[in-house]
2 protein chains.
Amino acid sequence: MNAHPVETETLLTPSEVATLFRVDPKTVTRWAKAGKLSSIRTLGGHRRYRESEVRDLLNGVPQQRPSDG
Amino acid sequence: MNAHPVETETLLTPSEVATLFRVDPKTVTRWAKAGKLSSIRTLGGHRRYRESEVRDLLNGVPQQRPSDG
DNA sequence: GAAAACTAGGGTAATTCGGGGT
DNA sequence: AGTGTCCGAATTACCCTAGTTT
């Protein structure tokens, strides 16, 4: 079909992330709004989350924080 | 400044774009019909999308599309 | 020419959004 | 401060069949 290797960053849906953290999807949305989790928006306004970032969070990997003293 | 002779714009299939956004191919079609994403039609009526535009959209770059069906 | 995979189109259920209140 | 739940509205996902692409 297409011979061009498109860089694909696997994205997760809100419910996917919610299931991984055992919380409500609404809570994941709040994390995104609070800037604790980066989110990518679909053209319709729905949020998608980076699987790699979520995995790091689940593994207790500290995220990049601005001015951490 | 920079002249592009024959711009060989890479085109993506609906499923390609759908994978990048983590949505259904049908959703990408909806975006094209809504004018949120410019589409190029094949002679048979299938849609193709500009990779550069899709990447900009994924990066949160707002697009300016006057009219597109 | 033929087969397999993908896409278009319509309709309905599930998910998500945003705000408000516990 | 943080989370789960309710409401209404919008967006998205899955069902099917026919046509297009490779």
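Below, chain A is the first sequence line, B the second, and so on; all start at residue 1. Heavy atoms only: backbone and side chains are in, while hydrogens, waters and symmetry mates are out.
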Under 3.5 Å: donor-acceptor pair, side chain of A:Arg48, backbone of A:Thr13: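 Pair absent, no side-chain N/O of A:Arg48 close to backbone of A:Thr13.
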
Nearest-neighbour nucleotide for the B:Lys26 side chain, D:dT12, C:dT16, C:dG10 considered: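 Nearest to the side-chain atoms of B:Lys26, counting from C-beta on, is C:dG10.
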
Per B:Thr42 side chain, nearest of listed nucleotides D:dT3, D:dT21, C:dT16: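 Among D:dT3, D:dT21, C:dT16, the one nearest the side chain of B:Thr42 is D:dT21.
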
Main-chain N/O of A:Val23 paired with A:Thr27 side-chain donor or acceptor, under 3.5 Å: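 No: the side chain of A:Thr27 does not pair with the backbone of A:Val23.
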
Residue whose nearest DNA chain D nucleotide is more 5′ - A:Thr13 or A:Lys36: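 Result: A:Lys36.
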
Closest nucleotide among D:dT11, D:dT3, C:dG18 to the A:Arg41 side chain: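 Among the listed nucleotides, the one closest to the side chain of A:Arg41 is C:dG18.
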
Listed nucleotide nearest any side-chain atom of B:His46, set D:dG2, C:dC17, C:dA8: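 Closest nucleotide among those given: C:dA8.
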
Main-chain N/O of A:Arg50 paired to A:Glu9 side chain as donor or acceptor, under 3.5 Å: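 Not a single qualifying donor-acceptor pair exists.
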
Side-chain heavy atoms of B:Ile40 within contact of B:Tyr49, under 4.5 Å: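 Counting from C-beta outward, B:Ile40 and B:Tyr49 never come under 4.5 Å.
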
Protein-nucleotide distance (A:Leu12, atom CG; C:dT16, atom C1'), rounded to Å: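 After rounding, the reported distance stands at 15 Å.
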
Short side-chain N/O contact to D:dT11 OP1/OP2 from B:Trp31, under 4.0 Å: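 No, outside the criterion.
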
D:dA13 phosphate, OP1 or OP2, under 4.0 Å from B:Arg22 side-chain N/O: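 No, B:Arg22 has no side-chain N/O under 4.0 Å of OP1/OP2 on D:dA13.
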
Nucleotide nearest A:Arg30 (side chain, heavy atoms from C-beta), chosen from C:dG10, C:dT16, D:dT5: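 The nucleotide sitting nearest to the side chain is D:dT5.
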
Identified pairing partner of C:dG9, criterion: Watson-Crick or G-U wobble below 3.5 Å: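 WC or wobble partner is D:dC16.
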
Short side-chain N/O contact to D:dT12 OP1/OP2 from A:Arg48, under 4.0 Å: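 No.
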
B:Val23 side chain, from C-beta outward: closest of D:dT21, D:dT11, D:dA13: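 Nearest nucleotide to the side chain: D:dA13.
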
Nearest-angstrom distance from the residue atom CG of B:Leu43 to P of D:dT21: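 Computing the B:Leu43:CG to D:dT21:P distance gives 7 Å.
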
Minimum-distance nucleotide to B:Ser15 side chain [options: D:dT12, C:dT7, D:dT3]: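 The nucleotide sitting nearest to the side chain is C:dT7.
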
Of the listed nucleotides D:dT3, D:dT12, D:dC14, the one nearest the side chain of B:Asp24: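 Given the options D:dT3, D:dT12, D:dC14, the side chain of B:Asp24 is closest to D:dC14.
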
Phosphate OP1/OP2 of C:dC17: any A:Thr29 side-chain N/O under 4.0 Å: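 Answer yes for this pair, as a side-chain N or O of A:Thr29 is under 4.0 Å from OP1 or OP2.
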
Interatomic distance where NZ belongs to A:Lys33 and C1' belongs to C:dC17 [whole Å]: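 It works out to 9 Å between those atoms.
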
Contact under 4.0 Å: A:Arg47 side-chain N or O vs C:dT16 OP1/OP2: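 No, outside the criterion.
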
B:Leu11 CG - C:dC6 P separation (whole Å):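 To the nearest whole Å, that distance equals 18 Å.
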
A:Leu57 side chain reached by A:Phe21 side chain, heavy atoms, under 4.5 Å: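 Sidechains of A:Leu57 and A:Phe21: in contact.
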
